[in-house]
Amino acid sequence: MDSLWLAVTNLGRDEVFIVVLALYTLLVSPRGGRDLGVAFALSYLVNTALKYGLNLPRPFTHDPALASAAAQATAGGPGLPSGHTQMSATLWAGIAMQVRRPAFSVFAALTVALIAASRLLLHVHFPSDVLVGLGLGLAFAWLGKNGTFANWNAARWGIPLLILGFTALLPASTPREYSAGLGLLAGFWAGRPDFAPPRDWTGRLVVALLGLALVFAVYFGLGALLGSLGHSPLLRAVRYAALVLVALQVVPLVLRRWLPTSPDAISPVQPRRTPAA
């Protein structure tokens with residue numbers, strides 16, 4: 001059964017989050033995806049701060065035989081709160097709150113529940129870790145639906161530059177999650193999606209395939225390039241910020257034929273739009 005639950009728990013990996021958030025932004029709701037991205041980055045940072053601040057053990061900390069080596073490999077850092085649970089809840093519940101479709105809400109709830117259960121059945125988290133992660137994830141999902149993250153005038157680049165400047169002050173020994181979360185926050189804050197999603201299935205397929213190819217080319221390419229220069233927090237933050245900006249700004253520019261500029265692009269006074277049916 002371990003192999004089944006390992007497959008389920010891997011749905012809480014960073015790469016899965018990248019795919020889902022990129023596709024949602026490009027194919028469903030550019031504005032909603034950007035706002036959810038900001039909330040996702042904040043959720044990631046809060047989870048990291050609590051994990052390393054509280055520094056609580058995992059079930060296998062005092063009894064390594066309790067969890068398999070493969071299961072332990074999915075457990076980075078201290079125990080509370082569960083990162084897999086919190087980030088999955090932020091993402092899937094955040095999308096469900098935005099699209100407001102009963103069938104998708106059921107799918108999202110089942111996905112989060114299975115990922116949460118996998119963390120318990122693999123013996124890499126205590127129930128309290130999962131429950132706290134779930135509560136925080138739902139709170140940030142709500143923030144992604146209802147929060148206002150204005151990035152007009154100096155705020156668009158000023159806030160991201162301050163974030164990256166702060167990252168440059170972090171010591172090299174800082175856990176990678178801090179710089180990754182700060183990079184995501186800088187990228188999503190600066191992002192300003194001004195395109196309309198494709199309306200036909202051909203366009204959606206082209207955007208999905210080519211868009212993800214570009215996003216992952218940057219993700220792995222920058223990982224190799226910047227990794228050769230060292231593993232400083234600033235370089236890692238730059239990698240994640242660039243990844244987000246490629247998804248929000250470069251992909252729509254390259255694929256403008258299928259992602260046309262929207263006359264309803266977000267502006268300082270425009271109300272939030274709900275995704276098209």
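- Expressed to the nearest 0.5 Å, how far CG of L248 lies from CG of L243 amounts to 9.5 Å.
- Expressed to the nearest 0.5 Å, how far CG of L210 lies from CH2 of W258 amounts to 6.5 Å.
- With hydrophobic clusters built from ILVMFWY side chains whose heavy atoms lie under 4.5 angstrom apart, V254 shares a cluster with V207.
- The hydrophobic clustering, which links ILVMFWY residues whose side-chain heavy atoms are closer than 4.5 Å, places L50 and F126 apart.
- In this structure, H125 contributes its side chain and G79 its backbone to a donor-acceptor pair below 3.5 Å.
- Distance alone, capped at 3.5 Å, places no donor-acceptor pair between the S29 side chain and the T25 backbone.
- For L134 against V112, the heavy-atom pair with the smallest separation is CD1-CG1, 3.9 Å.
- The minimum heavy-atom distance between K145 and M97, with the atom names listed, is CE-O, 3.3 Å.
- Counting only distance, with no hydrogens or angles, the side chain of E177 and the backbone of T48 share no donor-acceptor pair below 3.5 Å.
- A donor-acceptor pair is defined here as one N or O able to donate and one able to accept, closer than 3.5 Å; no such pair exists between the side chain of Q249 and the backbone of G191.
- Side-chain contact between T111 and S88 is absent, with no heavy-atom pair separated by less than 4.5 Å.
- Side-chain atoms of R31 never come within 3.5 Å of backbone atoms of P193 as a donor-acceptor pair (strictly under, hydrogens ignored).
- Under the 4.5 Å side-chain criterion, counting only non-hydrogen atoms from C-beta, Y44 is in contact with D14.
- Using modelled atom types, no side-chain atom of N47 and backbone atom of S43 make a donor-acceptor pair closer than 3.5 Å.
- The neighbour count for F216 CZ, taken as heavy atoms of other residues, nucleotides or ligands under 6.0 Å away, is above 12.
- A continuous path of hydrophobic side-chain contacts links V28 to F107 [ILVMFWY only; heavy atoms under 4.5 Å].
- Shown here for G94 and A141, the closest heavy-atom pair between the two residues is N-CB, 3.4 Å.
- Donor-acceptor pairing under 3.5 Å is lacking for the side chains of R13 and T74.
- For the pair A96 and A108, the tightest heavy-atom approach, listed with the atom from each and the gap, is CB-CB, 4.1 Å.
- For the atom pair CZ of R176 and OH of Y240, the computed distance is 4.0 Å after rounding to the nearest 0.5 Å.
- Note: D129 CG to L80 CG = 4.5 Å, rounded to the nearest 0.5 Å.
- V215 and L209 are not part of a single hydrophobic cluster, where members link through side-chain heavy atoms under 4.5 Å apart.
- Atoms CD1 and CG, on I115 and L120 in that order, are 12.5 Å from each other to the nearest 0.5 Å.
- Classification of the F17-F40 ring pair by plane angle, with boundaries at 30° and 60°, yields perpendicular.
- The side-chain heavy atoms of I95 and V20, taken from C-beta on, include a pair separated by under 4.5 Å.
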Take V250 and L245 through the side chain to side chain contact (heavy atoms under 4.5 Å, CB included) test and state the conclusion after the steps.
CA-CA 7 Å; V250 177; L245 288 175; 6.0 Å; no

After noting the C-alpha distance and the side-chain angles of F166 and L170, does the key distance pass the side chain to side chain contact (heavy atoms under 4.5 Å, CB included) rule?
CA-CA 7 Å; F166 172 76; L170 297 176; 4.0 Å; yes

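- For D63, the CG atom sits in a packed shell: over 12 heavy atoms of surrounding residues, nucleotides or ligands are nearer than 6.0 Å.
- If you take OG1 on T90 and CG on L21, they are separated by 11.0 Å, rounding to the nearest 0.5 Å.
- Counting only heavy atoms from C-beta outward, the side chains of L182 and L45 approach each other to under 4.5 Å.
- Closest heavy-atom contact between V8 and S118: CG1-CB, 4.0 Å.
- Shown here for G203 and P198, the closest heavy-atom pair between the two residues is C-CB, 3.8 Å.
- A heavy-atom distance below 4.5 Å is found between the side chains of N151 and R34.
- A heavy-atom distance below 4.5 Å is not found between the side chains of F140 and M87.
- Contact check for L26 versus P197: no side-chain heavy atoms found under the 4.5 Å cut-off.
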As a quick check of understanding, evaluate side chain to side chain contact (heavy atoms under 4.5 Å, CB included) for F188 and L42, giving each step before the final call.
CA-CA 11 Å; F188 277 113; L42 291 171; over 6 Å; no

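- Linking Ile, Leu, Val, Met, Phe, Trp and Tyr whenever their side-chain heavy atoms come within less than 4.5 Å leaves L131 and W92 in two separate clusters.
- Taking the side chain as every heavy atom from C-beta outward, R58 and P78 never approach each other to under 4.5 Å.
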